[in-house]
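Take a look at the structure set out below.
Proteins get letters first, then strands, A, B, ... in listed order; numbering begins at 1 in each.
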Amino acid sequence: MSETPDDLHRAIEATLFASEEPMTVDALATHLGGAAAGDVREGLRVLAGHYEKRGISLVERAGRWHFQTAPDLAHILRREQEQVRRLSRAGTEVLAIIAYHEPVSRAEIEAIRGVQTAKGTLDVLMEAGWVRAAGRREVPGRPVIYATTPDFLAHFGLASRRDLPGIDELRASGLLDPVDDAYDALTGEADDPDATSDSVTSGELAPNDEQADDAL
Amino acid sequence: MSETPDDLHRAIEATLFASEEPMTVDALATHLGGAAAGDVREGLRVLAGHYEKRGISLVERAGRWHFQTAPDLAHILRREQEQVRRLSRAGTEVLAIIAYHEPVSRAEIEAIRGVQTAKGTLDVLMEAGWVRAAGRREVPGRPVIYATTPDFLAHFGLASRRDLPGIDELRASGLLDPVDDAYDALTGEADDPDATSDSVTSGELAPNDEQADDAL
Amino acid sequence: MSEDALILGQPDTAQAGDDWQGIAAPGTTDQGALYLALDGWEGPLDVLLDLARRQKVDLRQISILALVDQYLGFLDRAKELKLELAADYLVMAAWLAYLKSAMLLPKEEQEDPSPEELALRLQLRLQRLGAMREAAARLMARDRLGRDVFVRPSPEGLRIDRTTQWKCEWFDVVQAYGQVKARTAPAVHMVRDRPVMTLDSALDRVSAMLGVTLDWIALEDFLPPHAEPQLRRSAMASSFVAALELARLGKAEMAQEEIFGPLRLRRIRA
């Protein structure tokens, strides 16, 4: 971009700089007195390009834009006391499972982890603003299902869930599918009419599988 | 400056952006692991030049540096949004009474209206710029008295208050006849607690009256 | 891995994976005795995954039999150390022991479901847990807001000041004043003059009309002709009362041939 940014670019720059929250293209357009969304989007693109190599970056997270410091400068900015919430291992695992599988019920999370989820684990994630209840699954019992929030994407520097590390590979290799589906896929369900009853039997044998069956 | 800022520039940029407070050259130099103060000063100069025409400015105040929104874009941070609202029925009545009787105290307005006047009603009229406090009546309690403003005359296109139609003219044009519809509208008004309670009372009595009729 | 620092209560197993010293050993004491930190494990599946990882092969290639042996060995050692094991560890041990014995049977004697199927399902579960554990680690290692990247600590914020433009017409003001005045003007109540025939006038009228003839006269005929309905009703009522009064005084007699039939009146000769 040229050294002299145009008025819209300057206005977007100033608005995002002063805003307390990341802003969507629409929110920006509205705030800038009804600028065309297309112009704003183009302005953001140009600005993001301008800031690409600077100490400040203009980034998009879940459709909302904000300025933040460049990631490679973390070493000079890291504070004495980290402001980041420290998560237990259970917390990080549950968060990852929700992010890669969303929306998921608690039973589905437990089926993957093989242990019950402590009451506080989900609460901590919700309190951090990374996870939210996203309705109920329309199956018997109508369990609550959970999903991640825009704040989650912002915190972990993801433009969208498609940017979750390795999600394409995990999906392609079926590692995001339930065990039963993966088993059927591996053994070929067509020539195995007993597959369903088998899975029930195995559920009885392996206590932890019960949770998996419940979830499905 | 060149399009690719050097590492020190980027570090200064990020540090000032993320800092809670404006920073001196020395504080910056210390934070950046003992960079030479001269280099930091030179870096700040280059950066200030780079940001000169942008939506964000790098400025020095009393030896401390910080980023701020470009001064000419201050209007973007504080936008005014105007909405047009119709004066409520209570507001219109109070305005009319003040216009015909000014200066009047609130108690006098209430005596003329026959109902209590909510505090907010006078506030709205003053916010609109049509009514002002015009001193105090020299009677016990020294109540504030209200009068109309020149804006009131201007808004309603009146040369003076004498242009308001007199009582006789109102009568001649039928405006003094009781208007059932208008009265009904009035009794439903929030500003008018007496009227509301009245209508409730009469509503309670009405069924009994009917029963009395039936009995005869 | 840097994310380890962020994870509380995690046993030091990630590094230990490179150097398997026995069971779940975060370290050894000076005497070299192993100690177990069962608190660090998230249940039997967690232990199994860790044991599987120690086979240093892809999770798809792990030897389930070796895994079963390692798990059972893990529990034996825990028992030697007199550690109290949660029930689910023992349930898993029993299930794995069953799985092992089934796998050792000749193929034709195997029960349904086959041990191969059970083993495969266990493997699939471990793969899934392993995948999520890796994903969590990669997630935690990203450039995180507030740790690696920072937003402005206290931005000015965008303010929208809403101002109200009040709208009111001249006519509204004048009309409102008119209505206030009309509403609060002292009310004078006047009873409307209703057309009625008093009892006295009905008595006079009925007596006078009876005096003219000795024939029966229907009550309706005593009413003033062409009277408006309201007056007529009033006249009917007062004429009826007058007729009763005259009958009481013995000046007239009344007759009615059927219920609701016409009421007739006749003078009694004095």
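Pro153(C) and Ser19(B) make their closest contact through CG-O, 3.2 Å (heavy atoms, listed as atom of the first residue, atom of the second, distance). Contact detail for Phe150(C) and Phe17(B): the closest heavy-atom pair is O-CE2, 3.5 Å. Counting all heavy atoms, side chain and backbone alike, Arg152(C) lies closest to Phe67(B) at NH2-O, 4.1 Å. Arg89(B) approaches Ala176(C) most closely through the heavy-atom pair NH2-CA, 4.2 Å. Leu95(B) approaches Val173(C) most closely through the heavy-atom pair CD2-CG2, 3.9 Å. The nearest pair of heavy atoms linking Val180(C) to Arg113(B) is CG1-CA, 4.0 Å.
Taken to the nearest 0.5 Å, the CZ atom of Phe171(C) stands 13.0 Å off from the CZ atom of Phe156(B). Going from atom NZ of Lys181(C) over to atom CD1 of Ile112(B) covers 6.0 Å, rounded to the nearest 0.5 Å. Here the OG1-CD distance, from Thr164(C) to Gln83(B), works out to 4.5 Å after rounding to the nearest 0.5 Å.
Proximity of Glu93(B) to Tyr177(C): side-chain heavy atoms (C-beta onward) are nowhere separated by under 4.5 Å. With contacts defined as side-chain heavy-atom distances shorter than 4.5 Å, the pair Tyr100(B)/Val174(C) qualifies.
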Working for side-chain contact (heavy atoms from CB on, under 4.5 Å), residues Leu87(B) and Lys167(C): CA-CA 6 Å; Leu87(B) 199 59; Lys167(C) 193 181 145 201; over 6 Å; no
side-chain contact (heavy atoms from CB on, under 4.5 Å) between Arg159(C) and Leu77(B), intermediate numbers included: CA-CA 6 Å; Arg159(C) 272 241 316 263; Leu77(B) 308 186; over 6 Å; no
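Side-chain atoms of His155(B) come within 3.5 Å of backbone N or O of Cys168(C) as a donor-acceptor pair.
Using a 4.0 Å cut-off between charged side-chain N and carboxylate O, Asp172(C) and Arg86(B) make a salt bridge.
Heavy-atom contacts from other residues, nucleotides or ligands closer than 6.0 Å to CD of Glu228(C) number more than 12.
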